[in-house]
Amino acid sequence: MTIHHDKLAYGRLARTNEEVSEERLQQMLKELAEEENADEKDEKAENEKGEKK
């Protein structure tokens with residue numbers, strides 16, 4: 001398998017050593033928690049639908 005390093009074709013890659021501020025980390029954690037809560041609510045709703053049938 002050949003790995004191509006053509007930035008024009010594939011775009012630029014994000015830096016792997018990007019500095020992340022404490023504020024940005026907190027925002028990311030908040031977003032993850034919200035997604036997790038939404039997933040749990042969806043699963044609970046699906047389980048309730050299955051029990052009612």
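Please read these numbers as outputs of a predicted model, since none were measured by experiment.
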Side-chain atoms of residues 35-44: list all donor-acceptor pairs with protein atoms under 3.5 Å, sequence neighbours left out, distances to 0.1 Å.
from	atom 1	to	atom 2	distance (Å)
Asn37	ND2	Ala33	O	3.4

Distance-only donor-acceptor hits, side chain of residues 20-27, under 3.5 Å, sequence neighbours excluded:
from	atom 1	to	atom 2	distance (Å)
Ser21	OG	Arg24	N	3.1
Glu22	OE2	Gln26	NE2	3.3
Gln27	NE2	Glu31	OE2	3.0

Exercise. Out of curiosity, Glu46 CD to Glu48 CD, how far, rounded to the nearest 0.5 Å?
Worked result: 11.0 Å

